[in-house]
Amino acid sequence: MKRDKRKMNKNKSFIRNDFDFKSLLKPYASEDEIKLFDSNLNKKPLSSFILNKKYLNAQIVNEEYDFLISNNDELVYQFDSEHKLGKSLLNFAGGFYLMDISSSLISYYLKDYIKENGLVLDMCSAPGGKSISLAIRRDDLLIVSNDISYKRQLETIKNYSRLGLTNICSTSIDPLNFENDEIYDLVILDAPCSGSGMIRKDEDVKNDFSLEKVKRLLPIQNNLLNKADNLLKKGGYLLYSTCSLSIEEDELQIKQFLSKHNYEIVDLQIADNTIISGANKLGYHLVPGIYKGEGIYFILLKKQGDDTSLNYEVKYEDTFENFNLIKYKNNVYAISKLYKSIANYNFITPGIKLYNEDEFQKCKYDSYSCKVNYNLNKLDLSKDEAILYAAGNELKTASSNDNLVILTYKNIPLGYGKVVDHKIKNYLPKYLKTNLII
């Protein structure tokens, strides 16, 4: 079976899709913009990341990597993909999160609209980029990151736990099954879509696209928009986005929604002329080859009416440093805050898990709990030592104190080790061990 599957994937590259993708831009782009899109379709896109300001600043990353390209957004950097920062030590440590610059732009514009200590739902979040980038920019928010795919949501949890973000909790349910409680200050709907905005990045998308696929997705998007309205407070914000270039999934979908619901279109006052206003000024298009990232459509809407309700925090089991501890399903989790309105949710994780559930592991703590565990001493490693640790190697140390420690690089927690007879036994789990190259 595996061999047949590989053969099928290999032959997939020979499928030809003669659809004229330029035609999708005609309702909102000028002739010059369409030509620019077409001429850049085969150009290799830059990679990018958002800086985790909990651990790093611009000075440190620029000292570490002299090839970074700065942007107007002080937290976002681009780089040529040949540098492979996915295999870098700072990425392993949680110093930044790799994501397309177009996706990170959404949280850049969102961050100033949500009220302090707001409650946010990301309805279709995996692998977590929009939740993560917003959590980095606004650590006062509590974000419920949800995705219908449990498997993909496990990757989301790894991503935000590696970054030490304690203002995200995770669920995995069909978003249409959320109770119709108007409790959220912001709902993010990154809707399932045809993916035509990714044609420069993903050859499979180019081959798979069809207008029939677009039509199949329209009722799904519409149902999710209506559900988002049922979850949003009056006066709250709805962010709708797709990675589609077609107005059927974008402007026309929103136009239909606005005809039935009382919302105001938020003018984000975007001055960047590489960002194209949507048809009839309904949202914004980031078009590959024109904007410096991949293709995304987004619009911010404000629900009309006034809301005077407050978010009330639950009672915590314990607190330490800047975290609250709660017990959930036989484990303890560190979370910045948890509100009563969502306390009964069936979480995968409400925060960062503290203890290891595998009784055969050497360390009682879950590996990512090193990001929030202040009960142990820390031992800072050199870059070479940290790379050896990430690969699963035992290290030497001048310390003679036999105890469990948190190993760090540039004071960023990496994981646990046990000092025994001037050696550091490596307690990094097998599934996290990796060979880093930079």
Side-chain angles (χ1 to χ4, degrees), residues 54 92-94 97 122 125-128 131-132 135 142-173 314-338 342-379 389-394 403-408 412-420 424-434:
K54 178 178 180 178
F92 171 82
Y97 179 70
D122 190 349
S125 68
S131 291
I132 287 169
L142 176 60
I143 301 173
V144 178
S145 169
N146 177 74
D147 200 272
I148 194 171
S149 169
Y150 183 84
K151 183 178 180 180
R152 295 188 72 212
Q153 202 60 350
L154 292 179
E155 289 303 310
T156 301
I157 293 168
K158 288 180 185 178
N159 288 335
Y160 71 71
S161 297
R162 176 174 56 84
L163 296 159
L165 299 176
T166 57
N167 58 336
I168 302 178
C169 45
S170 178
T171 58
S172 179
I173 67 170
V314 302
K315 182 179 179 181
Y316 304 105
E317 298 292 332
D318 196 4
T319 59
F320 64 99
E321 297 294 330
N322 296 320
F323 313 112
N324 297 297
L325 299 182
I326 63 170
K327 289 183 179 179
Y328 183 75
K329 291 185 178 179
N330 302 318
N331 213 312
V332 179
Y333 294 83
I335 190 168
S336 301
K337 61 174 78 72
L338 185 64
I342 64 168
N344 292 325
Y345 276 17
N346 184 20
F347 296 109
I348 305 176
T349 60
I352 294 180
K353 184 170 66 173
L354 261 63
Y355 296 108
N356 198 325
E357 294 169 339
D358 185 348
E359 60 180 314
F360 299 106
Q361 287 289 335
K362 298 175 183 177
C363 184
K364 70 174 183 177
Y365 295 110
D366 184 77
S367 183
Y368 288 126
S369 71
C370 68
K371 307 292 182 177
V372 294
N373 191 342
Y374 288 88
N375 295 326
L376 299 178
N377 292 327
K378 294 182 179 179
L379 184 60
Y389 173 76
N393 292 287
E394 188 175 270
N403 55 9
L404 188 67
V405 294
I406 294 174
L407 301 170
T408 65
I412 308 174
L414 303 176
Y416 293 95
K418 178 81 177 285
V419 177
V420 179
I424 304 173
K425 293 186 177 296
N426 195 317
Y427 281 0
L428 194 66
K430 287 183 178 179
Y431 66 88
L432 290 180
K433 293 176 183 177
T434 183

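These numbers come from a predicted model, not from an experiment. What you see below is based on every heavy atom in this structure, not just the backbone, and it leaves out hydrogens, waters and symmetry mates. This chain uses plain numbering: 1 for the first residue, then up along the sequence.
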Exercise. Taking the side chain as C-beta and beyond, is there a heavy-atom pair between K353 and S369 under 4.5 Å?
Worked result: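 Counting from C-beta outward, K353 and S369 never come under 4.5 Å.
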Problem set entry | Test item: L163 and I132 side chains (from C-beta on) under 4.5 Å apart, heavy atoms |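 L163 vs I132: side chains touch.
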Can you name the nearest heavy-atom pair linking [X] to [Y], along with the distance?
X	Y	answer
L404	G417	CD1-O, 3.4 Å
Q153	S145	NE2-O, 2.6 Å
Y328	Y345	OH-O, 3.5 Å
V314	Y316	O-CE1, 3.4 Å
L414	A93	CD2-CB, 3.4 Å

Sequence-distant partners of [X], side-chain hydrogen bond (donor to acceptor under 3.5 Å, both in side chains), two or more places apart:
X	value
D318	none
N159	none
K425	none
N146	T171

Exercise. Among pairs that include at least one residue of residues 158-167, which meet salt bridge (charged side-chain N to carboxylate O under 4.0 Å, His left out), considering only residues two or more places apart or in two chains?
Worked result: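 Qualifying pairs, neighbours excluded: E155-K158.
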[atom1] of [X] to [atom2] of [Y]: how many Å apart, nearest 0.5 Å?
X	Y	atom1	atom2	value
S172	R152	OG	CZ	10.5 Å
T408	N377	OG1	CG	11.5 Å
L428	Y389	CG	OH	4.5 Å
L354	D366	CG	CG	8.5 Å
E394	I424	CD	CD1	9.0 Å
S170	D122	OG	CG	10.5 Å

Distance-only, no hydrogens or angles: does the [X] side chain make a donor-acceptor pair with backbone N or O of [Y] under 3.5 Å?
X	Y	value
K327	E317	no
S131	G128	no
K371	P413	yes
N426	N393	yes

Problem set entry | Non-neighbouring partners of Y355 that pass ring pair (Phe, Tyr, Trp, His ring centres under 6.0 Å), sequence neighbours left out |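 In terms of ring pair (Phe, Tyr, Trp, His ring centres under 6.0 Å), with neighbours along the sequence ignored, Y355 is linked to Y365.
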Problem set entry | Set of ring pair (Phe, Tyr, Trp, His ring centres under 6.0 Å) partners for Y427, sequence neighbours left out |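 Y427: no ring pair (Phe, Tyr, Trp, His ring centres under 6.0 Å) contacts found.
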Residue list, side chain to side chain contact (heavy atoms under 4.5 Å, CB included) with [X], at least two apart or on another chain:
X	result
K329	N346
S161	I157, I352, Y368
C169	L142, V144, I335, I342, F347, P350
A135	I143, L165, N167, I168

For this session: For L407 and Y416, run side-chain contact (heavy atoms from CB on, under 4.5 Å): C-alpha distance rounded to whole Å, both residues' side-chain angles, the deciding distance at 0.1 Å, then the answer.
Result: CA-CA 6 Å; L407 301 170; Y416 293 95; over 6 Å; no
Exercise. Does CG belonging to N344 count more than 12 external heavy atoms closer than 6.0 Å?
Worked result: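 It does not: N344 CG has 12 such atoms or fewer within range.
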Problem set entry | CA sep, side-chain torsions, deciding dist, call: Y160, S125, side chain to side chain donor-acceptor pair (under 3.5 Å) | CA-CA 12 Å; Y160 71 71; S125 68; over 6 Å; no
For this session: Quick one: do I348 and L154 satisfy side-chain contact (heavy atoms from CB on, under 4.5 Å)? Show the steps, please.
Result: CA-CA 8 Å; I348 305 176; L154 292 179; 4.2 Å; yes
For this session: Verify whether one side chain among S336 and T166 offers a donor that lies under 3.5 Å from an acceptor in the other.
Result: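 Yes, side-chain donor-acceptor contact under 3.5 Å.
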